[in-house]
Chemist: 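I'd like to ask some things about the structure below.
These values consider heavy atoms only, across backbone and side chains, with no hydrogens, waters or symmetry-generated copies. The structure presented is a predicted model; accordingly, all values stated were derived computationally and were not measured. Just so we're on the same page: letters track the sequence lines, and every chain starts at 1.
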Amino acid sequence: MKYPEYKQPLDYAKVGEDVLAWWQENHIFEKSVSSREGQPTFVFYEGPPSANGAPGIHHVMARAVKDIFCRYQTMLGKQVPRKGGWDTHGLPIELQVEKELGITKEDIGHKISIEDYNQRCRETVMRFKAQWDDLTQKMGYWVDLDNPYVTFEPEYIESCWALLKKLYDKGFLYKGYTIQPYSPAAGTGLSSHELNQPGTYRDVKDTTVVAQFKVKPGEVAEKLFAAAGGPNADVFILAWTTTPWTLPANTGLAVGKNIPYQLISTFNPYTFEPIHVVLARALVGRYFSEKGAAAPMEGYAEGDHKLLPWRLEGEFTGADLVGITYERLFDLTPFEGEERAFRVIPADFVTTEDGTGIVHISPTFGADDFRAAQLADIPALMVPDAEGTLGPIVDRTGRYVPQMGEFAGRFVKNYDGQDETAAGYRSLDVDLSIRLKEMSRAFKVEKYEHTYPHCWRTDKPVLYYPLDSWFIKTTAVKDRLIELNKTINWKPESTGTGRFGNWLENLVDWNLSRSRYWGTPLPIWRTQDRTEEICIGSIAELKAEIDKAVVAEVMTHNPYANGEKIDLHRPYVDDIFLVSPSGQPMYREPDLIDVWFDSGAVPYAQWHYPIENADVFAKNFPADFIAEGVDQTRGWFFTLHALAVMLEDSVAFKNVIANGLVLAKDGQKMSKRLGNAVDPFATIKQFGPDATRWYLIANAPPWDNLKFDPAGVVEVQRRFFGTLFNTYSFYALYANLDGFEIDENNRVAHADLSELDRWILSKLQSLIAEVRLQLDSYDPTKAARAIQDFVTDHLSNWYVRLSRRRFWKGELTTDKRGAYETLHECLSTVSQLMAPIAPFFAEWLYRNLSGGQGPESVHLTLLAEADATRLDGALEERMELAQRISSLAHSLRKKSVLKVRQPLQRILVPVLNDTTKAQVGLVEDLICAEINVKHIEFLDDESGVLVKSVKPNFKRLGQQYGPRLKAVGARIQAMTAAEISKLEKEGSLAVEVNGEPITLAPDDVEIRTDDLPGWLVATDGPLTVALDVTLTDALRQEGLARELVNRLQNLRKDSGLEVQDRIRVTLADQEPALAAAVAAFGDYIRTETQALALDFAPEVSGGSVLEFDDFAVPVRLEIATN
RNA sequence: GGGCUUGUAGCUCAGGUGGUUAGAGCGCUACACUGAUAAUGUAGAGGUCCCUGGUUCGAGUCCAGGCAGGCCCA
C-alpha cells in the first residue's frame, strides 16, 4: 500500500467536495447514527431556522458549534440522532408575502382570500430551503434533512394543540386585556420579540407638551390653595408628555409618594396669565432660572417676556397631593366611570429624571399607566364604536374616533404617509399643542429627541394600545423556572445567571395571542356570551366535536369526515362551529398563537408527541445540548424552558451554548445594505469548509462576538492546515520510499522508542486529555487552540524538524520504524481530535493514513483516550530545557555571525544543581544536533568560574514582610557573592534591614548565574548559555563539508532529481581547502548526498558552478545508473 | 433608563487565587537556515493593559465611578 501523495498546495475546497461526495455515497452520516444503536443517547435539538431568507456566514458559525458537539459525542460512542427542522410560521413570512403581492393586512379577506393568502405563505416559506440544505451539506453540518419536522404540518400543529390543552387543563391559559405594542400600519399587535428587532428603537423628534391640569378646590387641595393665597387662585399641576395625542385620554396624574414637590407662583409663558404651578422640587431648575426668582413679578404680562419671574410658595410631598382632583383637559365625550377619574394617584415608577415629576396617566395607551390606574381605581377612557363595543379614543388604524370633536378622524401619528416636510403639514401633536396654548393649558411646548419604538417592517411608530389576549400564566411557575434554571449549564455562565436569570426574576405572563393569518390557530371555541368554551387537544377530538355539532345542526356536515388530509390552518378552522353542552354554538377565538410556542414545542411536536411516540419522546427528553444565538435567550431558550417546566416539571436542555454575533471585520454588523456581509458559499468555495469552520471556532469563543476577517481564514489555512498537510506529506513521502506500513500487532515497544518519540507521544497524551476536557465542558475554542499549538509548535516545529534525518537516512531500522509509528500515531490521533471541528480534512487525513484499516470513516471511530502510562512530565520538562537552550545558542550564533552549518566545539551551561545537570544531560544529543556543536560542558560550583546574582522572590517576601518589602528587596539585591554563598551553604542568612535583623531563607531569593566573565552569554530566566566560538581547522573543514553538502543538495533539487536518485559528482580541483574538506569528510558528504562517487578533476565543463563564501567551484553532477 | 458583556502591540487573541521586566500569532524590518520551502529560526521596532479614584508594601488582575462598543430588555 502507498500513502497518497499530493501536490502542493492542497486544494482544500476540493478536499471538502470529495469527502462530501464520499460521505453521501457511503452514507457515513447514517452510519454514524446507526452504528451507535443500543448505546446511550446524546440528545440534541435543532433550533429550527426559517427558510424564507438566504443563510449567512453566522449560520455557519452557529451550525458549526452544534455540529462539533454532536460529532464529538458520537466519537465518544454515544448515539446522536439529529432531527432537522423548519420554522415556518410567523410575521416575517406574512410580511414578505404582502410585500410581494403589494397588499396590506387590511386587504386580506377582501382582495385576497385567507385561503389563497395562506397558500402563498406556505409556498414562500420554503423558498430558500434548497439553499439551506446546500449550505448545510457543504459546511458539513450533519443533521437529518430527510425527515425534518415542519411547523406548518398538521401533525406538528396537532401536537401544539395537545400541549395547549394540557396547559388549559392545568389552568395556565386565560384571556385578558393588556396594553401592548400595536402597529396601526401593519394592523397587528407586536410581540416583544418583534419589538426587539434591530433598528426598532429610533431617535425621533417629537412635539412634547408640559400641560397644566387645573386643580379643583377640595379637602385635600386645601393646603395648596392656602399656599397659593386663597381658594380662588389658579393652581395647576404640571405634567409632561412626549405623546400629546394621549392627553385627551388622560384620566389621572401620578406622583411619587416620597418625592418633594413645590408650589410656584408665576405666569403662563404664552398667555401671560398669572398662575400657580406644582412640580417636583428637583425639576424646578429646569423651568425656572435663578434670575427669575429675583425678577419683578409685576409688569411681566405687559413687558418683555424673556425672563419668566417666579416665587416659591410652598412645598409638599407626593403623599400630600394624592387624592387631589382636577379639571379634565379636553372635555370631548362622556365615558363610563368618569366620576372616579381625574385624580392624583401614587405610582412607583414616577421619577424626577425628566419632565415635572408628575406623570400624565392614560390607561388605554400605556402599560405602566394601565397598571397604576387599576391599582388606584382610575377608569380608562373608553367610548363606544358604531356597534356599541367599547374601545379607546384611537381606532385600530391609528385614527381618532368620531367622538373627538374637532380632532375626529385625525391620525395620531403619520400613518397615512403624508409629506412631513410640506409647508402645510401639521401633526396632530402640534395641533393639540396649539389648542392647549390657546386654552392657556400649555406651560411649555418644545421638540424633544428621544428613542421611540417603530414597527420593524412598516417603519411606522408603534402605539401602546389595549388588546384582548390569551395568556399563559408563566408567573404561576416562576419559582420553579428559576430553580430549574440553576441546574442548566450555560455557556457562557453569565447568560444563564444574568440575562436569562434576570428575565425569569421579572417574569410576566406569556402573551400568546397574535392577530394574524399564517400560524398555529388557537384551538379554543367559545359561545357568544363567553360563558362556555372548549379547548381542543387533537384532530380526533375536533372530529368528534364536529360530529356533535352536526347532530345539533350547528354545522351542516363534517368537512373532515371523509378522511382527506386535514389542514388546521385558517380559514378552515374558522369555518368550524362547535356546540356547547347547553346547546349553544361556539366560535373559534380568532387568534393565532405566538410562533415562539411552535419552536418551544420542538421537543414534543417533532415526534408528534403526545399524540403518539411516547417512547421516542421519553428517550429524547430533555436535550443534553442545544446551541443558538444569544438573541434567543428570551426567545427559544425561554419558550423551551417554560414549556418543559409547565408540562414536564423538567428542564428542556442540560447544556446550552448561547453564541454571539458574527460581525464584519471592522466590528460593524453585517448587512446587505452596508455591503459588508460575507457570503458563506463563496467563503467555503474559496477556503474550503474546514478552514472556515476552524477559523470561526478557534478565533474567538462562540459566545463572544467574532469579527470575521477573511485574512484570518487564510492564516488558519496556511499555518494550521498547511503545516499539517506538510507534515503528512513528509510522512507519506518517506514511508512510501521505505515501503513502510503500520502493523498494529508489531510495534516498537514504547521503552525502545527514542527520547524524542516518547516526548511527542507524551505531549499527545496531554493533548488528548486537554481536548476531551474542553469539549466535555463545551469550550470548542480552547480545544481547537490546543490542537493547533500541538501541530504547529510541537509536532512540526520540533518533532519533525529534529527527526528529519531519521526519516530519510539509511535502512528501515527499529529507530526509523519507531519514528514512522510515532508520527503516524500523532497524525492519526490529530485526525480524530480535529474531526468534530474540521470534519472533511480530518476525514481526508484519516483515510490517507489508515490504508483501509479500522473503521472506514474517522467519524465512526472511537476517540483515543489519554494513556497515562505514556505521560512523562519529566521528559516534557527536559525537552523544554532543550528547546530553550537551543534557542539561546541560536541567538549567540547570530550575535557572533556564525551560521548554523559551521560546527562548534561546545556550549557552556552553568548548572546550580544536579537535577538540572541530569535533565540537560539526557537531551544533550538533541541540543547538539539542533545547534551543531560537539558537546555541552556543564559548569558547576566546583568550576569556580560562576558568578551568581540574586533576585528577590517578591511573592514570598511580600507575605512575610509586607510594608518592609521594598527595603528587604533592596538589601537582597545588594547581596555580596560571599553572602549568596553563605545562604546556599548554611540555608539561611542573617542580615539587617533598617537596623532590624531578619533571616533570609533560600526560598526567599532566586539565585542565578547570568554572567560568565570572558564569555558571550545569553539568558532566559534562570537559564544561561555561553558559546565557545573557537574555530579549529577540523571544525572549519567540517563546516566546509556541510556547505558542500548543502550546495550539492540544492543542485540535486534544482536538477529535478528524485530523493532516492544516486549521483556521481565531479568537482574542479582548484581549491585546496575544499580538497582538504573532502579528504576529511568524504564519507559524510557521499552519504548525505547519496553520491556513489565524489571525485576531483582538473577541468570540469558543461556543469554548474557551486558558490561558496570565498570561492566558486565548477561541478558536474550525473545520475548514477547502478 | 435597566441587565449582561467586551475593552491588553497596527490586527486577532492569551494572561488560575494581586508579586515588581505583560506574552503569543499575524503584519513590519534585518539577518540566517532549508531535500517539509507559500515552511522555519534569531534579533529588532511596536503597550498611558479604555479613563479616574480607591484598597495594598505592590493592581492588567480586587473595589467604586465613568467612557466606548455589542447584545438583550424598557
Chemist: Using 30° and 60° as the class boundaries, would you call the ring planes of A:W503 and A:F638 parallel, tilted or perpendicular?
Modeler: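 Ring orientation of A:W503 relative to A:F638: perpendicular.
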Chemist: Have a look at A:L957 and say if it touches a base, only the backbone sugar-phosphate, or nothing, with a 4.0 Å heavy-atom cut-off.
Modeler: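 It contacts nothing in the nucleic acid.
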Chemist: At under 4.0 Å between heavy atoms, which parts of nucleotides 23-31 of chain B does protein reach? Answer with one letter per nucleotide, 5' to 3': B base, S sugar-phosphate only, - none.
Modeler: --SSS---S
Chemist: Identify whether any heavy atom of A:S891 sits under 4.0 Å from a base atom; if not, whether one sits that close to sugar-phosphate; answer base, sugar-phosphate or nothing.
Modeler: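 If one applies the 4.0 Å heavy-atom cut-off, A:S891 turns out to touch the sugar-phosphate alone, with no base involved.
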Chemist: What nucleic acid atoms does A:S729 come within less than 4.0 Å of, heavy atoms only: base, sugar-phosphate, or nothing?
Modeler: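 Nothing, no heavy atom under 4.0 Å.
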Chemist: Of all residues at least two apart in sequence or in a different chain, which pass the side-chain hydrogen bond (donor to acceptor under 3.5 Å, both in side chains) check with A:T246?
Modeler: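 For A:T246 the side-chain hydrogen bond (donor to acceptor under 3.5 Å, both in side chains) partners, ignoring immediate neighbours, are A:T243, A:H360.
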Chemist: Out of B:rA36, B:rG41, B:rC71, which nucleotide sits closest to the side chain of A:N797?
Modeler: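 Nucleotide nearest to A:N797's side chain: B:rG41.
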Chemist: Taking only residues two or more places apart in sequence or in another chain, which ones pass ring pair (Phe, Tyr, Trp, His ring centres under 6.0 Å) with A:H890?
Modeler: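 Applying ring pair (Phe, Tyr, Trp, His ring centres under 6.0 Å) to A:H890 gives none.
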Chemist: Between B:rG44 and B:rA9, how far apart are the C1' atoms? Round to whole Å, please.
Modeler: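 After rounding to an integer number of Å, I get 14 Å for this pair.
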Chemist: Check nucleotides 11-15 of chain B against the protein and report each pair of N or O atoms closer than 3.5 Å, with its distance, or say if there are none.
Modeler:
| residue | atom | partner | partner atom | Å |
| --- | --- | --- | --- | --- |
| B:rU12 | OP1 | A:K707 | NZ | 3.2 |
| B:rU12 | O3' | A:N699 | ND2 | 3.4 |
| B:rU12 | O2' | A:N699 | OD1 | 2.4 |
| B:rU12 | O2' | A:N699 | ND2 | 3.0 |
| B:rC13 | O3' | A:R785 | NH2 | 3.3 |
| B:rC13 | O2' | A:R785 | NH2 | 3.3 |

Chemist: Could you check whether A:N953 gets within reach of a base, just the sugar-phosphate, or nothing at all, counting any heavy atom under 4.0 Å?
Modeler: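 No contact.
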Chemist: According to side-chain hydrogen bond (donor to acceptor under 3.5 Å, both in side chains), does anything in residues 691-712 of chain A pair up with another residue at least two apart or in another chain? List the pairs.
Modeler: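 Listed once each, the pairs are A:D67-A:R693, A:W694-A:Q788.
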Chemist: Select one nucleotide: of B:rC33, B:rC73, B:rC71, the one nearest the side-chain heavy atoms of A:V900.
Modeler: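 So the side chain of A:V900 is nearest to B:rC33.
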Chemist: The criterion is ring pair (Phe, Tyr, Trp, His ring centres under 6.0 Å); which residues satisfy it with A:Y820, sequence neighbours excluded?
Modeler: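 A:Y731, A:F740, A:F807.
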Chemist: Using the rule side chain to side chain donor-acceptor pair (under 3.5 Å), only one of A:D594, A:T639, A:T475 pairs with A:W510; which is it?
Modeler: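 Going through A:D594, A:T639, A:T475 one by one, the side chain to side chain donor-acceptor pair (under 3.5 Å) with A:W510 is satisfied by A:D594 alone.
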